[in-house]
Amino acid sequence: MSFSSVEVLGVPSVMGLLEERECAARQRVEALKAELREAEAAWERFVIARETVGEVLVEPRGGGDVLPVVVAGERPVQVAAAVPGSVVPYWQAGLAATVLAPDCWRIMEVLAGGSGTRGEAMDCRQLAAAVGLEPVPAKVEGVRSKARRLAARGWLADERPGLFSVPVVRADGS
């Protein structure tokens, strides 16, 4: 006979009562965890659906029109319309950030001063929040990947590991 099951004069033991409450609490936690898993799965489906619809709506219709990018005093540069997932082109004079995929363009806009932070270097957590994403690891890593790709292609400066900014030469439009 265990200590927890001993009753004295018909009164349950304190340990027995605690074990009963612990068991009830454990069952409640398990039920809440299952409910949370279901809610997270539904939320992920909505996020994927929203992203897919966004990609479909941005895709060019009728064979991918080619848009000219014109800089004052220079000849037009032909650039295919950017869609989510587009390859990031190498930066060159005459290209505007509008040739980038929407996510990359938003990162450029934030760093160039579209959010009032002109010229400031930002880390990826700050960038994720500035472009409207929740600063959770998955979203921050997505922003980090895009920022690294933009830096490797000359669109951003990687001042210190993890800190990105628009190169000074282009921050004022030159």
Side-chain angles (χ1 to χ4, degrees), residues 1-59 82-89 97-168 171:
M1 183 180 288
S2 74
F3 177 72
S4 63
S5 63
V6 173
E7 292 185 14
V8 178
L9 300 174
V11 178
S13 73
V14 173
M15 293 302 284
L17 291 173
L18 287 175
E19 285 178 357
E20 287 176 14
R21 289 189 179 185
E22 178 187 0
C23 182
R26 185 176 339 126
Q27 290 172 348
R28 174 89 171 120
V29 166
E30 291 303 320
L32 289 173
K33 283 182 179 179
E35 187 178 337
L36 177 61
R37 284 189 297 271
E38 290 174 15
E40 285 177 334
W43 172 61
E44 280 189 34
R45 287 191 303 271
F46 284 118
V47 169
I48 291 168
R50 182 180 47 81
E51 290 173 350
T52 302
V53 168
E55 290 173 2
V56 168
L57 292 176
V58 174
E59 288 178 3
V83 295
S86 296
V87 174
V88 175
T98 55
V99 302
L100 299 171
D103 291 340
C104 294
W105 181 80
R106 287 191 326 200
I107 291 170
M108 291 292 299
E109 182 182 42
V110 165
L111 289 172
S115 66
T117 59
R118 184 176 183 93
E120 289 183 25
M122 296 177 82
D123 67 25
C124 295
R125 187 177 308 266
Q126 294 168 317
L127 272 173
V131 298
L133 298 174
E134 199 173 337
V136 295
K139 300 295 182 183
V140 172
E141 287 304 315
V143 169
R144 178 175 286 117
S145 171
K146 289 174 181 69
R148 283 183 180 160
R149 189 173 309 118
L150 287 166
R153 303 286 169 95
W155 290 91
L156 293 180
D158 191 0
E159 295 183 5
R160 290 184 305 206
L163 284 180
F164 298 93
S165 67
V166 174
V168 177

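Side chains included, hydrogens not; waters and symmetry mates left out as well; all remaining heavy atoms used. Numbers for residues simply follow the sequence, beginning at 1.
- At a threshold of 4.5 Å between non-hydrogen side-chain atoms, the residues R148 and D158 do not count as touching.
- Annotation for F164 and A151: closest pair CE2-CB, 4.1 Å, computed over non-hydrogen atoms.
- Listed by first then second residue, pairs satisfying side-chain hydrogen bond (donor to acceptor under 3.5 Å, both in side chains) with a partner in residues 22-33 number zero, not counting sequence neighbours.
- In this structure, L100 and W105 approach most closely via the heavy-atom pair CB-N, 4.0 Å.
- When all heavy atoms are compared, the tightest approach of A130 to V110 is CB-CG1, 3.6 Å.
- With sequence neighbours left out, the side chain to side chain contact (heavy atoms under 4.5 Å, CB included) criterion links E134 to W43, V136.
- Taking every heavy atom of both residues into account, Q126 and A121 meet most closely at OE1-O, 4.4 Å.
- Here the NZ-CD1 distance, from K146 to I107, works out to 6.5 Å after rounding to the nearest 0.5 Å.
- Two residues are said to be in side-chain contact when any heavy atoms from C-beta on lie closer than 4.5 Å; L32 and E35 meet this criterion.
- Annotation: the span from K139 atom NZ to R125 atom CZ amounts to 14.5 Å, rounded to 0.5 Å.
- Residues L111 and L127 form a side-chain contact, since some pair of their non-hydrogen atoms from C-beta on lies under 4.5 Å apart.
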Exercise. Could you walk me through whether R50 and V47 pass the side-chain contact (heavy atoms from CB on, under 4.5 Å) check?
Worked result: CA-CA 5 Å; R50 182 180 47 81; V47 169; 4.1 Å; yes
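- The CE atom of M122 sits 11.5 Å away from the CG atom of L156 when rounded to the nearest 0.5 Å.
- Around atom CZ of R153, more than 12 heavy atoms belonging to other residues, nucleotides or ligands sit under 6.0 Å away.
- Between S145 and R149, some side-chain heavy-atom pair lies under the 4.5 Å cut-off.
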For this session: Could you walk me through whether E40 and R37 pass salt bridge (charged side-chain N to carboxylate O under 4.0 Å, His left out), step by step?
Result: CA-CA 5 Å; E40 285 177 334; R37 284 189 297 271; over 6 Å; no
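- For A128 against V140, the heavy-atom pair with the smallest separation is CB-CG2, 4.1 Å.
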